[in-house]
Amino acid sequence: MSDAIPPVVPTGRLAALPQPEFYLPGTGGLHLRPWTAYDAPALVEACHDPDIRFWNRPSLLDEAGAVARIARWETRRQAEEGVLWAVAPAQGGQAFGLVGLGDVDLAGGSAEFLYWLLPAGRGVGVMARAIDLVSRWAFETLGLHRLRITHSVRNPASCVVALRAGFPLEGIMRGALLHADGWHDEHLHARLRTD
């Protein structure tokens with residue numbers, strides 16, 4: 001950014017903030033918490049789930065690889081590149097979903113959502129609530145200005161999640177992401193702090 005334009009969020013703010021935990025209202029006892037090595041089997045399962053593999057394109061992991069990846073996520077949070085939460089039962093238990101922010105640009109005040117759910121968590125509105133809670137934190141506590149969600153136009157479930165979480169459709173990005181079956185156009189959804 002130009003020296004004439006101050007950063008929207010100062011460097012160091014994300015790393016200095018403790019990663020909060022959130023309880024999801026109306027979900028029968030679910031919450032968002034930081035990932036731990038305990039969740040490695042859930043990450044391995046996600047990397048082998050056909051739907052998650054197709055839409056999110058993760059590399060296949062074994063348990064040791066999953067533990068290493070979870071450790072890297074905390075390193076990325078400290079480097080202010082992203083912040084990820086496990087979607088898990090409030091009474092304890094392994095994660096069955098992931099939600100968080102990647103492509104964090106503190107100076108420009110923006111970030112992009114990343115999310116997935118294992119089959120046990122799909123179809124009950126969990127992710128829209130999780131995205132809404134993380135959005136409020138990103139705007140009100142972290143201080144970002146704009147959050148976005150992108151997904152293939154052939155993934156209507158993600159479109160429903162984005163709209164339910166308050167992210168209106170802004171447009172279509174042509175040929176924006178390569179999937180196993182070729183290039184996909186993507187929907188771009190966004191939400192502003194002022195919305």
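The model shown is predicted, which means the values in this text are computed figures rather than measured ones. Note that the numbering runs from 1 along the sequence shown for the chain. We use all heavy atoms of the structure for the numbers below, so side chains are in, but hydrogens, waters and symmetry mates are not.
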Just wondering, do [Y] and [X] contact through their side chains at under 4.5 Å, heavy atoms?
X: Asp62; Y: Val44; result: no
X: His145; Y: Val9; result: no
X: Thr194; Y: Phe139; result: no
X: His187; Y: Ser158; result: no
X: Leu32; Y: Trp137; result: no
X: Leu169; Y: Leu188; result: no
X: Leu24; Y: Val126; result: yes

- Can you check side chain to side chain contact (heavy atoms under 4.5 Å, CB included) on His31 and Phe22, steps first, answer last? CA-CA 5 Å; His31 90 290; Phe22 303 104; 5.9 Å; no
Could you tell me whether a side-chain N or O of [X] sits under 3.5 Å from a main-chain N or O of [Y], the two making a donor and an acceptor?
X: Gln19; Y: Leu84; answer: yes
X: Asp39; Y: Ala42; answer: no
X: Arg13; Y: Leu142; answer: yes
X: His189; Y: Phe167; answer: yes
X: Trp85; Y: Pro20; answer: yes
X: Asp49; Y: Leu118; answer: no

- Member of Glu74, Arg76, Glu80 meeting the side-chain hydrogen bond (donor to acceptor under 3.5 Å, both in side chains) criterion with Gln78: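 Output: one option passes, namely Glu74.
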Please find the pair of heavy atoms, one from [X] and one from [Y], that lie closest to each other, and give the distance.
X: Pro41; Y: Ala37; answer: CD-O, 4.4 Å
X: Trp116; Y: Ala46; answer: CH2-CB, 3.3 Å
X: Leu61; Y: Cys47; answer: CD1-SG, 3.7 Å
X: Ala138; Y: Leu147; answer: CB-CD1, 3.9 Å
X: Gly97; Y: Trp35; answer: O-CZ2, 3.4 Å
X: Ala111; Y: Leu101; answer: CB-CB, 4.1 Å

- Query: With a 4.0 Å cut-off, would you call Asp195 and Arg146 a salt bridge?
  - Reply: no
Mind checking the [atom1]-[atom2] spacing from [X] to [Y]? Nearest 0.5 Å is all I need.
X: Glu186; Y: Met173; atom1: CD; atom2: CE; result: 4.5 Å
X: Leu106; Y: Glu81; atom1: CG; atom2: CD; result: 10.5 Å
X: Arg77; Y: Leu17; atom1: CZ; atom2: CG; result: 8.0 Å
X: Gln94; Y: Thr36; atom1: CD; atom2: OG1; result: 8.5 Å
X: Ser135; Y: Arg193; atom1: OG; atom2: CZ; result: 13.0 Å
X: Leu114; Y: Ile131; atom1: CG; atom2: CD1; result: 10.0 Å

Quick check on the hydrophobic clustering: are [X] and [Y] connected, directly or via other members, by side-chain heavy-atom contacts under 4.5 Å?
X: Val124; Y: Met127; result: yes
X: Leu163; Y: Val134; result: no
X: Trp73; Y: Tyr115; result: yes

- Item | Steps toward salt bridge (Lys or Arg N to Asp or Glu O under 4.0 Å) verdict (Arg122, Asp51) | CA-CA 11 Å; Arg122 294 178 189 157; Asp51 289 331; 3.3 Å; yes
Can a donor-acceptor pair be found between the side chains of [X] and [Y] at a distance below 3.5 Å?
X: His184; Y: Ser152; result: yes
X: Thr150; Y: Glu112; result: yes
X: Thr141; Y: Arg136; result: no

- Test Arg154 against Asp181 for salt bridge (Lys or Arg N to Asp or Glu O under 4.0 Å), laying out the working first. CA-CA 12 Å; Arg154 291 188 251 168; Asp181 63 345; 3.2 Å; yes
- Task: Could you identify which residues cluster with Val153, counting Ile, Leu, Val, Met, Phe, Trp and Tyr as linked when any side-chain heavy atoms lie under 4.5 Å apart, either directly or through a chain of such contacts?
- Result: Ile172
- Are Phe96 and Leu30 close enough, and set up right, to give a side chain to side chain contact (heavy atoms under 4.5 Å, CB included), and what steps lead you there? CA-CA 10 Å; Phe96 61 85; Leu30 297 178; 3.7 Å; yes
- Going through the distances and angles, do Val87 and Leu98 end up as a side chain to side chain contact (heavy atoms under 4.5 Å, CB included)? CA-CA 6 Å; Val87 182; Leu98 173 146; 6.0 Å; no
- Query: Are more than 12 heavy atoms from other residues, nucleotides or ligands located less than 6.0 Å from atom CZ of Arg164?
  - Reply: no
- Message: Run the side chain to side chain contact (heavy atoms under 4.5 Å, CB included) test on His179 and Asn56 for me, step by step, so that the C-alpha distance in whole Å, both residues' side-chain angles and the decisive distance to 0.1 Å come before the verdict.
- Response: CA-CA 9 Å; His179 285 277; Asn56 295 274; over 6 Å; no
